[in-house]
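For reference, the structure discussed in these notes is given below.
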Amino acid sequence: MTAGTSPSPTEQRETPHRSGFACFVGRPNAGKSTLTNALVGTKVAITSNRPQTTRHTVRGIVHRPDAQLVLVDTPGLHKPRTLLGERLNDVVRTTWAEVDVIGFCLPADQKLGPGDRYIATELAGIKKTPKVAIVTKTDLVEPEQLAQQLIAIDRLGKELGIEWAEIVPVSAVDAEKTEKPEKPEKAEKRGAGRGPSAEGGGARGAGQVDLLADLLVPLLPEGPALYPEGDLTDEPEQVMVAELIREAALEGVRDELPHSIAVVVEEMLPREDRPADRPLLDIHANLYIERPSQKGIVIGPKGRRLKDVGTKSRKHIEALLGTPVFLDLHVKVAKDWQRDPKQLRKLGF
């Protein structure tokens with residue numbers, strides 16, 4: 001286009017590339033990690049039905065022709081009972097100050113409680129950052145219950161002075177199996193996404209994962225891609241391996257070891273003298289618990305539970321790294337590590 005001329009239709013249609021950070025916050029077990037994985041299209045954050053599974057910020061990267069959306073999955077904000085809990089809350093609040101948009105995750109199957117109100121009150125104090133209310137786990141409720149939750153969230157925002165940029169119902173379960181949702185411009189004509197609406201819930205809730213990305217992108221600043229094409233996370237491989245081991249370890253402990261397990265990968269080395277077509281990666285990792293009495297719970301009768309942890313986590317690690325793995329696990333005691341500053345530093349917190 002030259003000076004004094006009108007832009008051509010092609011130039012008018014061009015949309016600027018956007019890139020930026022969006023963080024998902026909410027109380028523990030609100031579906032933040034599952035949603036992050038669904039948007040990225042692969043596992044970058046571990047998931048569990050245990051609260052407070054995430055212990056640090058995880059960045060998942062969504063590549064689109066018009067944007068690059070970097071998702072920051074944070075620990076659940078909660079009333080801390082240990083030094084570890086206090087540090088996790090600090091991580092959440094620091095993240096809020098550094099992102100371009102905040103997604104507040106609220107499960108559809110649970111009524112708004114004191115924890116949700118506590119987080120919403122803190123969010124109300126952040127004036128400039130756009131906030132999106134994301135109603136998760138919509139596959140677990142009927143449309144009537146979803147509609148009630150959407151109305152309650154809208155009411156909560158008005159009560160605290162929060163102007164939601166969007167209110168979006170989403171299910172991240174089997175998102176790839178559902179039909180592609182409509183584009184946001186069509187949704188806006190109906191009023192969906194701008195206020196409480198049960199449309200898109202139930203069977204179509206899973207399909208709204210893509211719609212959520214469509215609605216987050218316009219809230220990002222204009223700019224070039226922040227990460228190379230093909231990168232799905234900036235997590236170091238050793239951290240991701242440790243998290244996959246911890247995810248497997250959390251599966252069978254129920255209420256016996258709620259938050260007492262930490263994992264540190266001590267070494268990851270290709271085994272020497274292996275044929276080029278048959279590589280093997282040796283991984284040595286330690287599982288830390290807080291008391292000697294917990295050791296038997298993790299190891300299990302005749303070592304069966306620890307072996308099961310190794311088998312399950314090795315499959316995910318091999319899929320992540322694309323190479324066969326020999327996984328060597330040991331269980332060690334780090335006494336009261338959640339309350340000990342020295343132990344927390346040693347374990348990476």
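We're numbering straight along the sequence, starting at 1. Given the structure is predicted, the values throughout are model-derived calculations rather than measurements. Values reported hereafter were calculated over all heavy atoms of this structure, with side chains retained and with hydrogens, waters and symmetry mates removed.
Smallest separation of non-hydrogen atoms from I119 and R27: CD1-N, 3.3 Å. Listed here is the closest heavy atom pair of V135 and A108: CG1-CB, 3.6 Å. Of all non-hydrogen atoms in E290 and Q294, the two that sit nearest each other are N-OE1, 2.8 Å. When all heavy atoms of N29 and P107 are compared, the pair lying nearest together is O-CG, 4.5 Å. Listed here is the closest heavy atom pair of V25 and C23: CG1-SG, 3.8 Å. The shortest heavy-atom contact between A285 and I245 is CB-CD1, 3.8 Å.
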Take V170 and T136 through the side-chain contact (heavy atoms from CB on, under 4.5 Å) test and state the conclusion after the steps. CA-CA 5 Å; V170 169; T136 59; 5.5 Å; no

V264 and Y288: side-chain contact (heavy atoms from CB on, under 4.5 Å), yes or no, with the steps? CA-CA 8 Å; V264 175; Y288 289 93; 3.9 Å; yes

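Residues forming a salt bridge (charged side-chain N to carboxylate O under 4.0 Å, His left out) with K131 (at least two apart in sequence, or on another chain): none. R64 is linked by a salt bridge (charged side-chain N to carboxylate O under 4.0 Å, His left out) to D66, D214, counting only residues two or more places apart in sequence or in another chain. The side chain to side chain donor-acceptor pair (under 3.5 Å) search around E159 returns R117, not counting sequence neighbours. Residues meeting the salt bridge (charged side-chain N to carboxylate O under 4.0 Å, His left out) test with E266, sequence neighbours left out: none. Remark: K158 engages D154 in a side chain to side chain donor-acceptor pair (under 3.5 Å) (not counting sequence neighbours). Under the rule for a side-chain contact (heavy atoms from CB on, under 4.5 Å), the partners of E222 that lie at least two apart in sequence or sit in another chain are P16, R18. Applying the side-chain contact (heavy atoms from CB on, under 4.5 Å) test to A242 and every residue at least two apart in sequence or in another chain returns V263, V265. Taking A319 as the reference, nothing meets the side-chain contact (heavy atoms from CB on, under 4.5 Å) condition, with sequence neighbours excluded. Contacts of L140 classified as side-chain contact (heavy atoms from CB on, under 4.5 Å), with partners at least two apart in sequence or in another chain: D109, K137. In this structure D231 satisfies the salt bridge (charged side-chain N to carboxylate O under 4.0 Å, His left out) test with no other residue, sequence neighbours excluded.
Put simply, the side chain of Q68 gets close to the backbone of Y227: a donor and an acceptor are under 3.5 Å apart. A donor-acceptor pair is defined here as one N or O able to donate and one able to accept, closer than 3.5 Å; such a pair exists between the side chain of S19 and the backbone of P224. Side-chain N or O atoms of N37 include none that pairs as donor or acceptor with a backbone N or O of T34 at under 3.5 Å. In this structure, W164 contributes its side chain and P130 its backbone to no donor-acceptor pair below 3.5 Å.
The structure places CD1 of I126 at 4.0 Å from CD1 of I102, a figure rounded to the nearest 0.5 Å. Of the inter-residue distances, the one linking H316 atom NE2 with L320 atom CG reads 10.5 Å to the nearest 0.5 angstrom. Expressed to the nearest 0.5 Å, how far CD of E166 lies from CG of L211 amounts to 8.0 Å. Note that CG of N286 and CG of L329 are 9.0 Å apart. Values are rounded to the nearest 0.5 Å. One finds the OG1 atom of T36 at 12.0 Å from the CD1 atom of I61 (value rounded to the nearest 0.5 Å). The CD atom of E251 lies 12.5 Å from the CZ atom of R246; values are rounded to the nearest 0.5 Å.
Contact annotation: the side chain of L112 approaches that of Q149 to within less than 4.5 Å [non-hydrogen atoms, C-beta and beyond]. Here the side chains of L35 and I134 are in contact, with some heavy-atom distance below 4.5 Å. Between F104 and L123 the shortest side-chain heavy-atom distance falls below 4.5 Å. Counting only heavy atoms from C-beta outward, the side chains of D100 and L219 never approach each other to under 4.5 Å. Within the 4.5 Å cutoff, no side-chain heavy atoms of P324 are placed close to those of L281. Counting heavy atoms from C-beta on, the side chains of V241 and L321 come closer than 4.5 Å. At a threshold of 4.5 Å between non-hydrogen side-chain atoms, the residues V132 and L215 do not count as touching.
Cluster annotation: F21 is not connected to V217 through the hydrophobic network of ILVMFWY side chains, with a link wherever side-chain heavy atoms come within less than 4.5 Å. Hydrophobic clustering (side-chain heavy atoms under 4.5 Å, transitive across Ile, Leu, Val, Met, Phe, Trp, Tyr) groups L106 together with V72.
Each side chain to side chain donor-acceptor pair (under 3.5 Å) pair with one or both residues in residues 318-334, not counting sequence neighbours, appears once here: H284-D328, D328-H330.
Side-chain contacts under 4.5 Å among hydrophobic residues (ILVMFWY), followed directly or transitively, place F326 together with L280.
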